[in-house]
There are 2 protein chains.
Amino acid sequence: MTIAAHAIKTSNDTRGDSTRTRILDSAEHLFSECGVNGVSLRTIVAHAGVNTAAVHYHFGSKYGLLEAVFARRIVPIAKERLDLLAKCHQNPSLPPLLHQIIAAFLEPGMTGRHGGATFARLRARLAADASEETRSLLVQYFDDSSGQFLKALAKALPNLPATDLYWRFHFMLGTMVYTMANPGRIQALTKNECDPSDMDASLAYLVPFLAQGFLADPIPKAPIMLKSYKNNNKPKP
Amino acid sequence: MTIAAHAIKTSNDTRGDSTRTRILDSAEHLFSECGVNGVSLRTIVAHAGVNTAAVHYHFGSKYGLLEAVFARRIVPIAKERLDLLAKCHQNPSLPPLLHQIIAAFLEPGMTGRHGGATFARLRARLAADASEETRSLLVQYFDDSSGQFLKALAKALPNLPATDLYWRFHFMLGTMVYTMANPGRIQALTKNECDPSDMDASLAYLVPFLAQGFLADPIPKAPIMLKSYKNNNKPKP
DNA sequence: AGTTTAATCAAACGACTGCTTGAGTCAACT
DNA sequence: AGTTGACTCAAGCAGTCGTTTGATTAAACT
């Protein structure tokens, strides 16, 4: 399932672009606010001030519109990620710094440069959606760069078994997505001391937390027993 | 917005219970698979083999059905959480163990005892949904126990400032929700070496990771500068 | 000039949405 | 035996959904 021809249009038509862009902007905003199934095309076109048929002319279908909304932001994000990752390897004699790799992975998608909190929330919604269509969207754009980051992390953590690394990478995705998705969950709990919609502050707390987590001892192999951390724990080194 | 009277029915009617329960089971399954807006009542009643009107008779509305689905699982989960937390304090002379507290928070919702992966996925979907109705559902059932866990964590980490603790608690929620939501995202990436739908394995890797993250040094106060982990990046526009 | 082509419009299509109605069923009461 | 009240049913309500149509516009090309 590839991106439809509608979605990769790049011409500079004098009329079409403003309509196209306004649809994309409205859709991005409303999709992220209400979910793809939670908002109708009629609501989107009303918000954008365009005709209903324009959506199908430019994007083919509602799902084609979603693809286009997604592709517009995700391509620059993926590129910036890899650029930042390259900078982590500037000094080839030293292993890349864990903090730097993590920040390179998280920053492009979380700061305001590529759609900001709005697009971040949409990504979080899609991440929670297990449908085949949605999943292919995410995999298509992210799996390539994810592989490169896994390699860099493996180099920075040479003593960590691959399995542990994969799990921790998965957990990192979780903290990222959840932070992007939640514009207010902890706030109520903490008298506004934490503001997860402040992505810069989120990153400042998130990166050291994750780096420390990556540095944990690997799980002892052999049958995985929950008891290893239940009941009588040994103190950590 | 409180749980509707429809949702707290507890009688043992000879006829009604099977219909009620079958609707709840089908709704739980389909909500978690397709999202609340992604599935129609007609699909639910067809799957349950009951009449459309039965949903409105028993639950009042589609949202009432969602509330009932949610309440049925979440009440036992919250109770088991607090029970496990109490066990962490059995020896009052020692501070509670970090691993134990984290496990007490995560286990009840992730293992198979309360709806298993199906209900977990639904929770993850709701967590990504920023709508007012959904948010109140989560807050209503979780904020109380969350407060108690924050207290326990603060006792186990006496040197960690409250703000850092809140953020890390937030990150813990993220890893939990994302792991519950994703029945296959890393699998493709790692040749099936990690299986996030295996909640026991997830927990075995997740708890030590989080515990180590909680043990990270606090963020230095004063103006939060991203530069603290960004080596020599040019200033961003 | 006339022709072509991309873009926008109002109007409508059938299918589907959550929800209601009123008649009917069956067990438990007086 | 007869009434009550909880429950289930087929049928249908008004409204919304994504999508399509055919006419209309206006800029670009010959």
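Note that this is a predicted model, so its numbers are computed, not measured. Quick note on labels: first sequence line is chain A, next is B, and so on, each numbered from 1.
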> CZ of A/Arg42 versus C1' of D/dT19: gap in Å, rounded?
Replying inline: 9 Å
> Roughly how far, to the nearest 0.5 Å, is the NZ atom of A/Lys62 from the NE2 atom of A/His56?
Replying inline: 9.5 Å
> Could B/Arg81 and B/Phe105 be counted as a cation-pi pair, given that NZ or CZ must be under 6.0 Å from the ring centre and within 45° of the axis?
Replying inline: yes
>> Between P on C/dG18 and CZ on B/Phe59, what's the gap in Å once rounded to a whole number?
In response: 15 Å
> Are B/Ser40 and C/dC16 close enough that a side-chain N or O sits under 4.0 Å from OP1 or OP2?
Replying inline: no
>> Heavy atoms only, 4.0 Å cut-off, all strands: where does B/Val39 land among base, sugar-phosphate and nothing?
In response: sugar-phosphate
> In whole angstroms, how far is the C1' atom of C/dT17 from the CD1 atom of B/Ile44?
Replying inline: 12 Å
> Quick one: is B/His58 getting a side-chain N or O under 4.0 Å of the D/dT8 phosphate, OP1 or OP2?
Replying inline: yes
>> For A/Val39, is there any backbone N or O sitting under 3.5 Å from a side-chain donor or acceptor partner on A/Thr43?
In response: no
>> Tell me the interatomic distance from B/Asn37, atom CG, to D/dC17, atom C1', rounded to whole angstroms.
In response: 13 Å
>> Nearest whole Å is fine: how far is C/dT17 P from B/Leu41 CG?
In response: 9 Å
>> If the cut-off is 4.0 Å, is A/Thr19 near the phosphate of C/dT8, judged by side-chain N/O to OP1 or OP2?
In response: yes
>> Working to the nearest 0.5 angstrom, can you tell me the gap between A/Arg123 CZ and A/Arg73 CZ?
In response: 12.0 Å
>> Given the ring of A/Phe31, does A/Arg125 sit roughly above its face, with NZ or CZ under 6.0 Å from the centre of the six-membered ring and within 45° of the axis?
In response: no
> Which is true for A/Ala53 with a 4.0 Å heavy-atom rule: it touches a base, it touches only sugar-phosphate, or it touches nothing?
Replying inline: base
> Dot-bracket for DNA chain D: what is it, with Watson-Crick or G-U pairs under 3.5 Å, [ ] where a pair crosses earlier ones, and | for a pair to another strand?
Replying inline: |.|||||||||||||||||||||||||||.
>> From CG of B/Asn51 over to C1' of C/dT20, roughly how many Å is that when rounded to an integer?
In response: 12 Å
